[in-house]
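Quick note on labels: first sequence line is chain A, next is B, and so on, each numbered from 1.
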There are 2 protein chains.
Amino acid sequence: MLSKKTKYGIKALAFIASREDKKPVQTSEIAKSENISLKFLESILLSLRKSGFLGSKKGKGGGYYLIQEPEKIKMTSVVRVLEGPIAMVPCVSLNYYEKCNDCPDEATCSVHALMIQVRDSTLNVLGGNTLSDLARVKKKVQPD
Amino acid sequence: MLSKKTKYGIKALAFIASREDKKPVQTSEIAKSENISLKFLESILLSLRKSGFLGSKKGKGGGYYLIQEPEKIKMTSVVRVLEGPIAMVPCVSLNYYEKCNDCPDEATCSVHALMIQVRDSTLNVLGGNTLSDLARVKKKVQPD
DNA sequence: TATTAACCTATAGGGTTGGTAGGTTATTAA
DNA sequence: TTAATAACCTACCAACCCTATAGGTTAATA
């Protein structure tokens with residue numbers, strides 16, 4: 001299950017990416033538009049800045065802005081920073097690997113084999129989407 | 001992240017499925033072989049029985065056995081019973097749908113669009129694997 | 001009748017999540 | 001120079017869930 005932190009973080013990034021101009025976007029504007037608790041969002045954007053996705057500017061007219069082009073930002077890296085491992089089990093995680101303390105042999109572990117397949121298919125989807133793809137969804141005009 | 005309950009439940013089912021004979025398997029045997037807390041495993045097998053995957057027999061020589069053929073049991077249904085929704089967000093769940101209270105419009109929600117793709121790819125993998133596939137992994141002979 | 005093994009209920013420690021509160025620092029505009 | 005603005009930082013907490021344990025009851029077999 002995706003945490004709210006990750007969900008809100010992705011929405012915020014998509015919000016910023018969907019802006020035509022490159023002027024900083026205030027936390028309060030995102031919070032209002034996306035119905036996110038201001039203080040909670042503050043901490044999320046802060047961590048996104050610290051992990052290199054966003055730049056920031058203080059004072060009036062300040063806010064957050066993307067450092068890279070939206071086309072360059074894969075959703076794999078966004079999810080990894082916000083949520084942590086993409087794999088559903090640490091023993092099949094590429095970036096957060098951890099051995100199970102039960103399970104003496106991964107090669108004959110049924111869960112292991114299955115979760116590798118799940119991981120790879122998820123990786124394919126997240127790796128095939130960039131922030132600009134998400135921004136496009138956000139801007140999509142509604143048919144009535 | 002997969003809960004231990006789900007992980008243990010899958011392992012236990014694979015253990016039972018990998019048996020050639022169809023005699024009941026005791027909880028204690030599975031617990032020992034798979035390094036699972038006995039009491040915890042008891043509650044898991046009980047819920048698997050109540051949801052129709054396992055039958056049980058009390059007393060000496062008793063234990064749990066599969067009700068259906070392993071080839072018939074898709075991992076989607078196993079995961080749904082043990083873990084709950086397969087989707088990473090309730091608003092894209094097929095079996096456990098729930099509307100987000102933020103997010104006025106799913107059609108233009110960036111997270112929604114992305115998570116539908118993840119869900120579908122995960123569904124493909126889990127739906128393409130049965131218990132007999134997992135049992136096969138478990139029985140696989142090790143090359144040295 | 002004793003043994004076995006499933007079945008049931010309750011409980012509790014630990015960790016995470018989502019959120020709040022209250023302030024400090026840096027930047028801009030008047 | 002000062003006021004306003006908005007990012008930044010620290011601390012905290014209530015609720016919830018996960019994992020596991022404890023201690024028994026019931027049904028089947030030998």
Which distance, rounded to the nearest 0.5 Å, do you find between the [atom1] of [X] and the [atom2] of [Y]?
{"X": "Ile116(B)", "Y": "Leu123(B)", "atom1": "CD1", "atom2": "CG", "answer": "11.5 Å"}
{"X": "Leu114(B)", "Y": "Ser110(B)", "atom1": "CG", "atom2": "OG", "answer": "8.0 Å"}
{"X": "Glu42(B)", "Y": "Ser47(B)", "atom1": "CD", "atom2": "OG", "answer": "12.5 Å"}
{"X": "Thr6(B)", "Y": "Met115(A)", "atom1": "OG1", "atom2": "CE", "answer": "8.0 Å"}
{"X": "Leu48(A)", "Y": "Lys5(A)", "atom1": "CG", "atom2": "NZ", "answer": "8.0 Å"}

[X] [atom1] to [N] [atom2]: how many Å, rounded?
{"X": "Ile30(A)", "N": "dA6(D)", "atom1": "CD1", "atom2": "P", "answer": "13 Å"}
{"X": "Leu38(B)", "N": "dA22(D)", "atom1": "CG", "atom2": "P", "answer": "12 Å"}
{"X": "Lys39(A)", "N": "dA7(D)", "atom1": "NZ", "atom2": "C1'", "answer": "10 Å"}
{"X": "Lys23(B)", "N": "dT29(D)", "atom1": "NZ", "atom2": "P", "answer": "14 Å"}

Open item on the list: Would Ile30(B) and Leu45(B) count as a side chain to side chain contact (heavy atoms under 4.5 Å, CB included) here? Give the steps.
Closed with: CA-CA 10 Å; Ile30(B) 304 175; Leu45(B) 294 181; 4.2 Å; yes

TODO: Establish, from distance only, whether the side-chain atoms of Ser3(B) and Glu83(B) form a donor-acceptor pair under 3.5 Å.
DONE: yes

Open item on the list: Ignoring hydrogens and geometry beyond distance, is a side-chain donor-acceptor pair present between Ser121(B) and Asn124(B) at under 3.5 Å?
Closed with: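 Asn124(B) and Ser121(B) do not have a side-chain donor-acceptor pair below 3.5 Å.
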
Task: Sorted by number, the residues of residues 41-69 of chain A with heavy-atom contact under 4.0 Å to DNA chain C - done: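 Within this stretch, Lys57(A), Lys58(A), Gly59(A), Lys60(A) sit under 4.0 Å of the strand.
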
Task: Single-linkage hydrophobic cluster, 4.5 Å side-chain cutoff, Val118(B) and Met75(B) together - done: no

Open item on the list: Give the residues of residues 90-102 of chain A touching DNA chain D, defined as any heavy atom closer than 4.0 Å, sorted by residue number.
Closed with: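 When residues 90-102 of chain A is checked for heavy atoms under 4.0 Å from DNA chain D, there are no hits whatsoever.
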
Open item on the list: How bent is the helix from dT1(C)-dA30(D) to dA30(C)-dT1(D), measuring the angle between the end axes built from five pairs each, rounded to 10°?
Closed with: 10°

Task: Short N-O contact, Lys7(A) and Glu34(A), less than 4.0 angstrom - done: no

Task: Below 4.0 Å: OP1/OP2 of dC18(D) and any side-chain N or O of Ser3(B) - done: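 So the side chain of Ser3(B) is outside the cut-off, no N or O lying under 4.0 Å from OP1 or OP2 of dC18(D).
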
Task: ring pair (Phe, Tyr, Trp, His ring centres under 6.0 Å) pairs, two or more places apart, involving residues 103-138 of chain A - done: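 Passing the test, one end in residues 103-138 of chain A: no pairs.
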
TODO: Scan Ser28(B) against the nucleic acid and name what it touches under 4.0 Å (heavy atoms): base, sugar-phosphate only, or nothing.
DONE: nothing

Open item on the list: Can you pull out every side-chain hydrogen bond (donor to acceptor under 3.5 Å, both in side chains) where at least one residue sits in residues 53-81 of chain A? Sequence neighbours excluded, please.
Closed with: Lys22(A)-Glu69(A)

- [ ] Evaluate the side chain to side chain contact (heavy atoms under 4.5 Å, CB included) criterion for residues Leu54(B) and Leu13(B): first the C-alpha distance (whole Å), next the side-chain angles of each, then the deciding distance (0.1 Å), finally the verdict.
- [x] CA-CA 9 Å; Leu54(B) 295 175; Leu13(B) 286 174; 3.7 Å; yes

Task: Nucleotide interval of DNA chain C bounded by contacts with chain A (heavy-atom cut-off, under 4.0 Å) - done: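 For DNA chain C, the relevant span reads dG18(C) to dT28(C).
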
